[in-house]
Amino acid sequence: MTPTSDSPTPDSGEHEHDPFVRQALAQAAFCEPVPTAFCVGCILVARLPDSEPIVLSKGFSRELPGNTHAEANALTKFESLTSAQLQSLVSPWPWEASPVIEDILPLVDVYTTLEPCSVRTSGLPACADALIRARIRRCIIGVREPDDFVKCEGAQKMMDAGIEVIWYGGLEQECLDAARRGHDI
């Protein structure tokens, strides 16, 4: 597939993304399966200048109370870090001012096993919207969300907002199997 402004970027950095997609899959395994929702895992990774990638937060579906999704949980956990916790995660911080969450989010790659949702039947905010509001750098996705429950347009929504979307190749079936764990499909 040739990337265009209307299509996600195909994965060109398998070695770069593989460990984080696998960590997201490990998070999905913590999900309590239910027949009416997917099991998803998510990892937030900061890419600071002249630094190795830093895992900032992890999340999985239904981890936090309220029928929550993996991406929203990882963001919530990251955004609830204290200044001291944040400083220890991103030390040494390459700029003069102390790190704040709003300065780090544009340096974040989100690794998720399933395309972030664009609509929630529960009425909760969609994950794609939360990632757009957070102003993340990129979203690396294990597999497109199947139309089991709703038609998902999360990747397109993020691309329209200027977020780079990368479809990670090679683990699609594992990501789909993890998502549908507990389903009679």
Side-chain angles (χ1 to χ4, degrees), residues 8 11 17-46 53-82 85-86 89 101 104-105 108-134 136-158 163 165-185:
D11 178 42
H17 302 307
D18 191 72
F20 302 113
V21 174
R22 290 185 185 282
Q23 285 184 51
L25 268 169
Q27 287 297 301
F30 292 123
C31 266
E32 183 67 35
V34 296
T36 57
F38 294 115
C39 294
V40 180
C42 179
I43 308 289
L44 304 185
V45 177
I54 302 164
V55 175
L56 300 171
S57 181
K58 301 177 182 185
F60 57 90
S61 303
R62 296 172 296 288
E63 175 183 12
L64 301 177
N67 190 26
T68 54
H69 284 190
E71 301 90 347
N73 291 338
L75 274 174
T76 296
K77 289 163 57 178
F78 174 64
E79 291 171 342
S80 68
L81 293 174
T82 66
Q85 290 170 322
L86 193 58
L89 269 177
I101 287 169
I104 296 171
L105 283 168
V108 166
D109 289 345
V110 172
Y111 289 85
T112 184
T113 56
L114 192 69
E115 179 180 9
C117 66
S118 58
V119 65
R120 296 284 310 268
T121 58
S122 66
L124 294 171
C127 293
D129 293 335
L131 296 174
I132 291 165
R133 272 192 308 280
I136 63 157
R137 183 177 93 134
R138 311 188 281 191
C139 187
I140 296 88
I141 303 170
V143 70
R144 183 174 303 280
E145 180 176 328
D147 294 337
D148 295 6
F149 306 114
V150 297
K151 179 169 175 31
C152 183
E153 298 175 349
Q156 187 62 53
K157 207 173 198 184
M158 290 186 296
I163 294 172
V165 170
I166 296 173
W167 296 100
Y168 179 76
L171 293 173
E172 294 94 344
Q173 192 60 53
E174 291 91 332
C175 290
L176 190 57
D177 290 347
R180 286 181 164 156
R181 194 165 44 91
H183 296 193
D184 294 329
I185 294 180

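When a residue number appears, it is its place in the shown sequence, counting from 1.
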I want to check something: taking the side chain as every heavy atom from C-beta on, are [X] and [Y] in contact at a cut-off of under 4.5 Å?
X      : Y      : value
Glu145 : Phe38  : yes
Cys175 : Leu114 : no
Cys39  : Ser61  : no
Thr112 : Cys139 : yes
Ile141 : Pro116 : yes
Val110 : Leu75  : no

Ignoring hydrogens and geometry, is there a side-chain-to-backbone donor-acceptor pair from [X] to [Y] under 3.5 Å?
X      : Y      : result
Glu172 : Gly170 : yes
Glu115 : Ala155 : yes
Gln156 : Glu153 : no
Thr113 : Gly41  : yes

Find the distance between [atom1] ([X]) and [atom2] ([Y]) and round it off to the nearest 0.5 Å.
X      : Y      : atom1 : atom2 : result
Leu86  : Ile101 : CG    : CD1   : 5.5 Å
Ser118 : Ile132 : OG    : CD1   : 9.5 Å
Asp109 : Ile54  : CG    : CD1   : 12.0 Å
Ile43  : Leu25  : CD1   : CG    : 9.5 Å

Check your understanding: What pairs of residues pass the salt bridge (charged side-chain N to carboxylate O under 4.0 Å, His left out) test when at least one of them lies in residues 63-76, not counting sequence neighbours?
Key -> Glu63-Lys77

Exercise for review: Would you list the pairs meeting salt bridge (charged side-chain N to carboxylate O under 4.0 Å, His left out) in which at least one residue belongs to residues 19-31, sequence neighbours left out?
Suggested key: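 Every salt bridge (charged side-chain N to carboxylate O under 4.0 Å, His left out) pair that includes a residue of residues 19-31, provided the two are not neighbours, is Asp18-Arg22.
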
Point to revise | Qualifying ring pair (Phe, Tyr, Trp, His ring centres under 6.0 Å) pairs with a residue from residues 54-73, counting only residues at least two apart or across chains | key: Phe30-Phe60

Exercise for review: Quick one: sort the Tyr168 and His17 rings into parallel, tilted or perpendicular, breaks at 30° and 60°.
Suggested key: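 Rings of Tyr168 and His17: perpendicular, as their planes differ by over 60°.
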
Shortest non-hydrogen contact from [X] to [Y]?
X      : Y      : result
Leu81  : Leu56  : CD1-O, 4.4 Å
Cys152 : Gly154 : SG-N, 3.4 Å
Pro125 : Arg133 : CB-NH2, 4.2 Å
Gln23  : Val55  : OE1-CG2, 3.9 Å
Leu131 : Met158 : CD1-SD, 3.8 Å
Ala72  : Cys127 : N-SG, 4.1 Å

Study note, to complete from the structure: Sorted by chain and number, sequence neighbours left out, side chain to side chain donor-acceptor pair (under 3.5 Å) with Glu174 holds for none

Point to revise | Partners meeting side-chain contact (heavy atoms from CB on, under 4.5 Å) with Glu32 (sequence neighbours left out) | key: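 Partners of Glu32 by the side-chain contact (heavy atoms from CB on, under 4.5 Å) criterion come out as none, since no residue qualifies.
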
Point to revise | Test side-chain contact (heavy atoms from CB on, under 4.5 Å) applied to Val34 - qualifying residues, sequence neighbours left out | key: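 For Val34, the residues satisfying side-chain contact (heavy atoms from CB on, under 4.5 Å) (neighbours in sequence not counted) are Thr36, Ala37, Arg62.
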
